[in-house]
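Atom set for the values below is all heavy atoms of this structure, side chains included, hydrogens, waters and symmetry mates excluded. In the text below, chain A, chain B and the rest are named by the order of the sequence lines, each starting its count at 1.
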Amino acid sequence: MKSDMKGRGRNKLERTDRLVRLSLLVVAFSAVSTLAVITIFMFEQGAPIMFKYGLRSFLAGSDWYPTEKIFGLWPMIVGSLYVTLGAMVIGVPFGLACAVVLTEFSSRPVRRVIKPVIELLAGIPSVVYGFIGVVILVPFIRENLGGPGLSVLAASIILGIMILPTIISISVDSIQAIPLSYREGSVALGATKWQTVKMVLLPAARSGIIASVILGMGRAIGETMAVIMIAGNAASVPRSVLDPVRTLTSNIALEMGYASGEHRQALFATGVILFIIIMILNTVANVTSSRMKGSKG
Amino acid sequence: MGIIEVRDLCFYYGSFQALDRIGLDIEKNRITALIGPSGCGKTTFLRSLNRMTDMIENVRVTGRVIIDGEDIYRPGADLLALRKKVGMVFQRPNPFPLSVYDNVVYGLRVHGLRDKRRLEEKLVRSLESVHLWEELKDRLDANALTLSGEQQQRLCIARLVAVEPEIVLMDEPCSALDLAATANIEDLMAELKKRYTIVIVTHNMQQAARVSDFTGYFLLGELVEIGATHQIFTTPRDPRTEDYITGRFG
């Protein structure tokens with residue numbers, strides 16, 4: 001009798017366990033499948049037109065007159081890459097320097113105030129960044145450096161600032177995670193703080209720092225609103241950093257309101273290209289970081 | 001007259017007094033062991049000898065520590081030079097997550113040596129002096145974290161020997177190692193004392209008895225007694241020392 005009850009109790013537990021596992025599986029699966037459906041939909045909408053007009057002219061064509069069925073995405077591809085590169089050039093050194101100062105050269109109370117403030121920056125809506133760019137940065141560039149102001153430079157600076165919180169907070173976390181014993185070992189050999197940072201801490205935190213750069217890059221290349229407001233959006237390859245530029249994301253956002261038919265499909269194709277570029281960048285970054293890890297640390 | 005003379009050294013963490021009027025001399029080319037129950041201040045004392053304690057906020061020191069005739073706590077003392085002269089081996093082996101090569105030449109680079117051939121000469125000599133050269137000469141590019149615990153600790157000693165310190169401080173250098181590795185490191189210490197003055201903190205009394213020439217017993221921030229190791233372990237003068245070494249306390 002007793003053992004029977006025990007058996008039934010365990011049966012019940014096992015059944016609940018199975019049920020929980022099943023429902024978690026359904027939830028997890030639906031999350032992943034939503035992503036899969038979006039991807040499939042995007043490719044289904046965007047891929048045919050690329051093949052219809054030829055992959056080459058789609059990717060390398062430098063003219064974008066969608067109403068006349070001329071779909072050359074080259075200016076936008078270049079635009080996205082320029083703006084992202086510019087954002088990295090500005091954001092990475094500043095972000096890293098800031099992370100090093102916060103972890104190694106400032107006292108605990110300072111760190112405790114500054115770090116949450118920096119993380120708060122990530123919560124500012126991108127339209128606000130764009131607005132600040134339009135009101136302050138664009139006129140400044142126009143008056144001091146020439147050109148229309150709405151430019152690669154303006155977009156790079158604003159995006160560089162926007163990716164700071166990502167780079168700083170992840171880098172700070174990874175530098176802080178380095179065991180104290182490395183710092184002690186270095187200092188005990190007579191190294192200065194800066195030597196310790198340069199020769200031990202940054203190499204030791206490398207994988208975290210690279211992760212922060214990848215995430216920052218993802219944010220920069222995917223950002224739309226702020227870029228539309230300050231980049232000028234001319235669909236031509238910029239000749240200098242003071243020229244206006246249109247990114248892949250802007251291209252979609254600017255025209256989706258009135259696009260139909262093949263034009264609409266071409267915008268989906270823009271999304272496909274963006275998707276592929278992000279995949280390539282992420283893979284390259286991951287592979288380099290894991291290769292460096294394998295050989296050195 | 002020792003290479004290190006400590007006079008009236010008091011040490012405070014905030015309002016807690018960790019060391020109380022320590023006075024002792026440490027002799028050149030000898031191994032001095034510091035023993036005592038945990039929390040007695042022996043590690044704090046060791047770290048005050050190369051001012052590693054400066055890494056902690058809110059500490060205060062009074063008294064004098066004279067190394068080679070200079071008070072290391074005088075205002076404007078050159079900490080980088082001090083730490084080059086007084087190196088340290090830690091409780092847990094702490095090689096940097098870099099290659100074996102980069103680990104050994106780290107201190108040399110820090111002190112400005114760039115010449116590749118000189119770096120390599122010193123690398124070989126340092127690794128030889130800790131008996132790692134044969135084992136590692138084909139693995140200089142390997143990450144130091146892939147070595148065994150004993151190899152890591154030897155590497156840390158090689159890293160230190162490379163900058164040619166005068167004094168080597170060891171903070172329980174064998175506590176993370178097994179018995180065989182401990183014996184090997186102890187043999188190494190006996191060899192190293194020909195060239196260096198060694199101060200070792202250990203919780204292991206047998207180890208102190210085996211390797212050291214002098215032994216000091218710390219209790220509650222006080223130096224109870226210091227003398228020749230043989231004397232401390234056979235005829236301690238202070239009853240508190242006797243209680244500790246006979247195992248009645250601690």
If I measure from the heavy atoms of chain A, does [X] come under 4.5 Å with its side chain, its backbone, both, or neither?
{"X": "B:Arg47", "result": "side chain"}
{"X": "B:Pro165", "result": "neither"}
{"X": "B:Leu145", "result": "side chain"}
{"X": "B:Tyr106", "result": "both"}

Requested in this report: I would like to know whether B:Arg64 and B:Tyr73 meet side-chain contact (heavy atoms from CB on, under 4.5 Å); could you show each step before the answer?
Outcome: CA-CA 7 Å; B:Arg64 283 178 301 158; B:Tyr73 282 98; over 6 Å; no
Report task. Check whether the side chains of B:Ser129 and B:Ser126 place a donor and an acceptor atom closer than 3.5 Å, and report yes or no. Result -> no
Query - pair B:Leu155-B:Ile157: side-chain heavy atoms closer than 4.5 Å - result: no
Query raised in the report: Is there a side-chain contact between A:Ile276 and A:Met279 (heavy atoms, below 4.5 Å)?
Result: no
Report summary line: If you tally heavy-atom pairs under 4.5 Å between each of B:Glu57, B:Met88, B:Met55, B:Lys84 and chain A, the highest tally belongs to B:Met55
Query raised in the report: Salt-bridged, B:Glu120 to B:Arg125, with N to O below 4.0 Å?
Result: no
Report task. Heavy atoms only, distances under 4.5 angstrom: which of A:Pro179, A:Gly185, A:Ser107 has the most pairs with chain B? Name it, please. Result -> A:Gly185
